[in-house]
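Every chain is numbered from 1 and lettered A, B, ... according to where its sequence line falls, protein lines coming before strand lines. Bear in mind the structure is a predicted one, so any value in this text is a computation, not a measurement.
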Amino acid sequence: MSNFEIVTREDFSDVTYLLEVRHPMMAKAAKPGQFVIVMLNEHGERIPLTIADFDRNKGTITLVIQAVGKTTRQMQQECKVGTTLYGMVGPMGIPSPMSHAKKVVCVGGGLGVAPIFPQARGFKEAGAYVIAILGFRNKDLVFWEKKFRDCCDELILCTNDGSAGMKGMITDGIKVALAKHDDIEEVVAIGPPVMMKACADATRAAKIKTMVSVNPIMVDGTGMCGGCRVKVGDEVKFACVDGPDFDGHLVDFDDLMLRLQRYTVVEKEAHERWSESCRMAKPPQI
Amino acid sequence: MAKKKTIRSIPQERTPMRELDAKVRATNFEEVACGYNLEEALRESDRCLMCPDEPCISGCPVGINIPGFIQKISEKNLRGAYDILTNTNLLPSICGRVCPQENQCEGVCTVGDSLEAVAIGRMERFVGDTAIKEGWVNIPHIEPNRFRVGIVGSGPAGMACAADMAKAGCDVTVYEAFHQPGGVLKYGIPDFRLPNEVIDAEINNLKKFGVKFECNTLVGRLFTIEQMIDEMGFHAVFVGVGAGYPTMLNIPGDSLNGVLSANELLTRCNLMRARDFPNFDTPLPIGKRVAVVGAGNTAMDAVRVSLRLGAEKVYCIYRRSRTEAPARAEEVHHAEQEGVEFHWLTAPVAVLDDGKGSVRGMRCVRMELGEPDDSGRRRPVQVKGSEFDFEADLIVYAIGTNANPIMGQTSKLKLNKWGYIGTDDTLATSIAGVFAGGDIVTGAATVIEAMGAGRKAARGMKAYLGIRDAALPYSDTDNSSLFGIDTKERNFARVRVA
């Protein structure tokens, strides 16, 4: 368990990439909705990444990552096939509570498309009618469209600029689905907090149960630091051990988004430092 | 024949231990307490009266033969002292540093009745550190048996249990969720109290016993306790996952940016080396004015770490008075020397917002002590109208922890109503073959108590597996004989030799 080897690397765009990591035990144990915490090297930070797929036969788990900050950009540069991660622990979090809903809408926004996949597949395997709604900014960022078409009963693809699928935001896609079906029992939405908030607002009036998967900053991921605390209704919950799935109508998204900002200054500095060191073609200072 | 020592013939004052200068050490993470050298250790060993009562042994949660190892020091037989220590306690460099000796061995020391107690902890640390420097490891002759034992959690309880089970011949694997072993010793206790090198040295010793450490393994989620017994071939399991789930104050402003638990601050700083950012990637919230709420040992660690991270002002806010503070007096003293400002009988009411979602300060209220509550301590009550605000940019909560929920979520282990694992006298849980100890059973306590629990559980596990071994029995059991020799005889024998 000390060697987390990368067996596949795929680049969906210049910001989004996929890593398939060998971990037979985790592949066996992983369930939809769970995540891992990853460390790139000994000096690295711990970051949570949702498990986008798992292959129990092959013994691998799949992570789909967006290069937004220093660590994810460094991983983008360094994680090639045959390289290893210094640390990877999981599967963490309470597995998604797969309900017995007969008709479900699975919504993935941007990178959220990856973690919603195992949930969509899970619901399908449980016998539900699954409508997938995937949203991307434009057609260059689209990935896994075929994977969803093969697995789900319906697929609504949305792009902000209309370059693929219908023109519109995720919420426009939800409106289409709600208009077509009046018997949707549950919505599961994963994506940036502002998108999940919009999805929850879109279903509130129709009183459709809406589950979201929150993505706060984490350190240990095992429930001992409280850094990932979110407000859910009147309570404070830790996303790593009480979540990461919560009732979207109860999550305080404004609080979540505010707390996600608490390191923006150092994040920006670290990112600039990293970009600078790449430009200078010197190894980063360690 | 050596002259018999009396309370008047021994050196009257405890041998002082050199410490780094307070103002300087508050800027770095160098270990504060410098440790004895041989001369100092010898002088202090002279102060032990070798009294017949030996209250120190009963005062020790693991029953170390304290007069025994002190005697060896006085004979300049440091290896012999190390041998005696490691018979009962495998981690002398750790315990010598972090045990609250003043409440344990030193608290009941006979010399302590009239003078300052013998500095048992400092001598233990001296021997442990000498062993690390000299590379001594006591690997006993181990007869391997067919039993596989799994230890969940590589903190002090798990380490102690692993050591005993390995010495008894079992094939031991310790599972740790973090990427480095050590548990609270690594993530919780800062380097200036317990250097990471010391922890790693002790862990390496365990590896020499054949103990395997598997990090990056979250038991409960990667596989369950039940799977360990049913599918993975473990014959017995010890659960020592700790009680790290931090308590928040639940006052307005709790979730503002700049409020964090002591666990988060310490984990970022100690384990993730955030203090060396950007050489290490994990950032730390830097505060110029830091307020830590609480006055236990964790709070002391948090205030002293905050100073070292560059805070100009560090406040310790505690709702009771100094005498009720749970922290070791030595740690409060060190914190004061380093410049921490203590505000006793002060309780937080709200964290104040700067309008942009970050901390601007705190509102507190003065307290006074009223009638005693159930714990016997006088209950603090608010002094009406005494609210006041002060400026701060970082608030750290060090007000206690709860049981980690993962075991309860993923296994059929019976928990008590607070979420801690239920055990019987032998530390057996509701699942056959599964034992538990440390904070996950008792709630937040000390390193040495966790070690004691690990050792106690090991006894239970050996009995469960039917293993007999020649482990030294400790005095807190009903078995008072040493290799069949009755205690009275044993004492008599030793006095005769002297």
Side-chain angles (χ1 to χ4, degrees), chain A residues 1-2 4 23 25-26 28-30 34 37 39-47 70-71 74 85-95 219-227 229-231 236 238 241-242 252 254-259 261-263 265-267 269-270 273-274 284-286, chain B residues 175-180 184 187-188 214-218 220-224 227 241-248 250 254-268 271-274 276-286 356-358 397 401-402 404-406 409-410:
Chain A
M1 240 162 292
S2 48
F4 309 106
H23 197 316
M25 278 193 103
M26 202 187 297
K28 212 163 70 110
Q34 292 186 300
I37 289 217
M39 265 179 91
L40 177 58
N41 57 45
E42 245 188 298
H43 288 237
E45 53 168 345
R46 293 170 67 89
I47 60 168
K70 192 258 183 184
T71 298
Q74 190 174 0
L85 297 168
Y86 170 72
M88 186 170 81
V89 59
M92 292 166 135
I94 300 180
V219 186
D220 63 297
T222 58
M224 48 74 88
C225 84
R229 60 189 186 278
V230 291
K231 289 189 185 159
V236 172
F238 290 3
V241 289
D242 302 319
D252 183 341
D254 293 330
D255 180 68
L256 174 65
M257 289 190 276
L258 194 62
R259 285 179 57 71
Q261 300 297 312
R262 62 191 190 271
Y263 288 112
V265 173
V266 285
E267 281 168 2
E269 282 169 12
R273 212 177 295 117
W274 172 252
Q285 185 87 2
I286 290 232
Chain B
Y175 292 111
E176 166 59 46
F178 269 132
H179 51 283
Q180 278 183 35
V184 71
Y187 75 72
E214 297 269 5
C215 293
N216 291 292
T217 305
L218 183 60
R221 291 280 171 217
L222 188 62
F223 47 82
T224 62
Q227 277 175 295
V241 298
Y245 194 100
T247 309
M248 297 287 151
N250 290 324
D254 248 6
S255 66
L256 287 173
N257 289 335
V259 179
L260 65 170
S261 72
N263 271 357
E264 186 180 350
L265 176 72
L266 293 170
T267 301
R268 283 178 184 270
L271 179 67
M272 305 308 297
R273 295 283 294 278
D276 293 327
F277 181 86
N279 275 347
F280 284 78
D281 286 336
T282 303
L284 254 179
I286 303 294
K356 288 176 286 191
S358 294
Y397 289 164
T401 55
N402 297 311
N404 187 289
I406 295 182
Q409 289 171 344
T410 59

[X], part contacting chain A, at a heavy-atom distance under 4.5 Å:
X        : answer
B:Val259 : both
B:Pro246 : both
B:Leu284 : backbone
B:Leu218 : both

### Message
Ignoring hydrogens, what is the shortest heavy-atom contact between B:Phe280 and A:Glu42? Give both atom names and the distance.
### Response
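For B:Phe280 versus A:Glu42, the nearest heavy atoms are CE2-O, 3.8 Å.
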### Message
To check you understand the geometry: which heavy-atom pair defines the closest contact between A:Cys225 and B:Asn263, and what is its length?
### Response
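So the minimum-distance heavy-atom pair works out to CA-CB, 4.1 Å.
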Rounded distance [0.5 Å steps], [atom1] in [X] versus [atom2] in [Y]:
X        : Y        : atom1 : atom2 : value
A:Met224 : B:Ser261 : CE    : OG    : 8.0 Å
A:His43  : B:Thr282 : NE2   : OG1   : 11.5 Å
B:Cys215 : A:Met88  : SG    : CE    : 14.5 Å
B:Asn216 : A:Met26  : CG    : CE    : 8.0 Å

For [Y], is there any backbone N or O sitting under 3.5 Å from a side-chain donor or acceptor partner on [X]?
X        : Y        : answer
A:Arg229 : B:Ser255 : no
B:Asn257 : A:Leu258 : yes
B:Gln409 : A:Val241 : yes

### Message
Suppose we screen for side-chain hydrogen bond (donor to acceptor under 3.5 Å, both in side chains). Which residues come up paired with B:Asp254, at least two apart in sequence or across chains?
### Response
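For B:Asp254 the side-chain hydrogen bond (donor to acceptor under 3.5 Å, both in side chains) partners, ignoring immediate neighbours, are B:Tyr397.
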Under 4.5 Å, counting heavy-atom pairs only, tell me which of [options] racks up the most with chain B.
options                              : result
A:Ala30, A:Gly90, A:Gly226, A:Gly223 : A:Gly223
A:Arg46, A:Met39, A:Arg273, A:Met92  : A:Arg46
A:Gly227, A:Pro91, A:Gly221          : A:Pro91

With a 4.5 Å limit on heavy-atom distance, are the side chains of [X] and [Y] in contact?
X        : Y        : answer
B:Asp281 : A:Gln74  : yes
A:Pro95  : B:Arg221 : yes
B:Pro283 : A:Glu45  : yes

### Query
Does the pair B:His179 and A:Ile37 meet the rule for a side chain to side chain contact (heavy atoms under 4.5 Å, CB included), with working shown?
CA-CA 10 Å; B:His179 51 283; A:Ile37 289 217; over 6 Å; no
Against chain B, label [X] side chain, backbone, both or neither, depending on which of its atoms sit under 4.5 Å from a heavy atom there.
X        : result
A:Thr222 : both
A:Asp220 : both
A:Ile47  : neither

### Task
Among the options B:Gln227, B:Met272, B:Gln180, B:Glu264, pick out the one with the most heavy-atom pairs lying under 4.5 Å from chain A.
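Maximum pair count with chain A is reached by B:Glu264.
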